[in-house]
Amino acid sequence: MNADPNCIFCKIVAGQIPARKVHEDDLVLAFHDIAPWAPVHVLVIPRQHIAMLSDVTPEHTPLLGHMLALAPVLMKQLGVTGGFRTLINTGPDGGQEVGHLHMHVMGGPRPWKKG
Ligand code: AMP
């Protein structure tokens with residue numbers, strides 16, 4: 001599987017740095033964000049290294065569908081009942097800080113720290 005040895009999220013996938021995982025399967029990993037904006041804030045990432053959403057190709061369509069379909073499942077598991085927000089930042093103007101595709105999923109009662 002595609003991995004970038006300098007990528008922090010690839011290191012989480014490889015178990016080289018710790019993360020508070022909430023889900024893993026053949027395609028993706030989900031874990032709590034280290035600096036949460038909301039009472040529940042998880043990141044869903046592909047196991048393979050894809051730098052950003054603008055790098056996806058049609059072959060990634062099932063992966064992206066899987067990531068999105070996982071959001072309500074995880075929020076339910078984590079006790080979120082009042083709705084949630086999904087967000088993918090892409091590139092510098094999109095505010096992306098970590099260069100490995102990830103989807104933020106945030107929920108829980110407001111007010112939130114941001115977002
Ligand atoms: P973005 O601005 O969309 O690239 O968001 C990157 C997110 O990754 C931020 O919300 C960070 O708090 C989060 N993050 C960075 N390093 C880690 C880590 N080691 N474990 C969990 N979350 C992280």
Side-chain angles (χ1 to χ4, degrees):
M1 187 158 303
N2 249 0
D4 175 343
N6 299 314
C7 168
I8 188 163
F9 286 176
C10 285
K11 288 181 183 169
I12 289 176
V13 170
Q16 290 163 357
I17 60 169
R20 288 173 57 217
K21 288 182 200 167
V22 294
H23 173 89
E24 57 185 317
D25 61 40
D26 289 351
L27 290 175
V28 302
L29 208 68
F31 51 87
H32 289 280
D33 196 291
I34 206 167
W37 301 2
V40 175
H41 184 168
V42 298
L43 301 175
V44 181
I45 71 167
R47 282 188 179 276
Q48 64 178 294
H49 184 79
I50 300 168
M52 62 183 83
L53 190 60
S54 47
D55 288 339
V56 304
T57 59
E59 78 193 30
H60 296 121
T61 301
L63 168 67
L64 295 172
H66 182 58
M67 288 172 66
L68 197 56
L70 203 53
V73 176
L74 296 179
M75 290 299 102
K76 195 172 176 191
Q77 268 175 24
L78 294 167
V80 170
T81 54
F84 56 87
R85 183 171 179 203
T86 50
L87 174 69
I88 299 176
N89 296 323
T90 303
D93 289 347
Q96 184 177 4
E97 288 174 3
V98 175
H100 182 125
L101 176 63
H102 52 281
M103 180 176 70
H104 299 256
V105 191
M106 292 163 276
R110 292 201 176 247
W112 293 358
K113 208 169 158 194
K114 41 177 187 165

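In each ligand, atom 1 is the first atom listed, and ligand 1 is the first ligand listed. Here the structure is a predicted model, which is why all the values come from computation and not from measurement.
Taking atom 2 (O) of ligand 1 as the reference point, the nearest protein heavy-atom neighbour is Gly95 O, 3.0 Å. Nearest protein heavy-atom neighbour of atom 12 (O) of ligand 1: Asp33 OD1, 2.5 Å. Nearest protein heavy-atom contact of atom 14 (N) of ligand 1 is Ile34 CG2, 3.8 Å.
With hydrogens and angles disregarded, no donor-acceptor distance shorter than 3.5 Å links the side chain of His23 to the backbone of Lys21.
Proximity to His104 (heavy-atom distance under 4.0 Å) selects the following atoms of ligand 1: 1 (P), 3 (O), 5 (O), 7 (C), 10 (O). Using a 4.0 Å cut-off to heavy atoms of His102, the atoms of ligand 1 that qualify are 1 (P), 3 (O), 4 (O), 5 (O), 6 (C). For ligand 1, the atoms sitting less than 4.0 Å from at least one non-hydrogen atom of Asn89 are 1 (P), 2 (O), 3 (O), numbered in the order shown with element in parentheses. Those atoms of ligand 1 that come under 4.0 Å of a heavy atom in His32, given as number and element, are 21 (C). Every atom of ligand 1 with a heavy atom of Leu43 under 4.0 Å away is listed here by number and element: 8 (O), 13 (C), 22 (N). Here is the list of ligand 1 atoms found below 4.0 Å of a heavy atom in Gln96: 4 (O). Each of the following atoms of ligand 1 lies closer than 4.0 Å to a heavy atom of Ala35: 12 (O).
Cluster membership for Val28 and Val105, using ILVMFWY side-chain heavy atoms within less than 4.5 angstrom, is shared.
Ligand 1 has no atom lying under 4.0 Å from any heavy atom of Arg20. In this structure, Ala19 has no heavy atom closer than 4.0 Å to ligand 1.
In this structure the side chain of Thr86 never reaches within 4.5 angstrom of the side chain of His104, judged on heavy atoms. Residues Met52 and Gln96 meet the side-chain proximity criterion, which asks for heavy atoms closer than 4.5 Å.
For the 3.5 Å distance criterion, the side chains of His41 and His32 fail to qualify, holding no donor opposite an acceptor.
Atoms CG and NE2, from Leu53 and His60 in turn, are 11.0 Å apart once rounded to the nearest 0.5 Å. If you take CG on Asn6 and NE2 on His100, they are separated by 13.5 Å, rounding to the nearest 0.5 Å.
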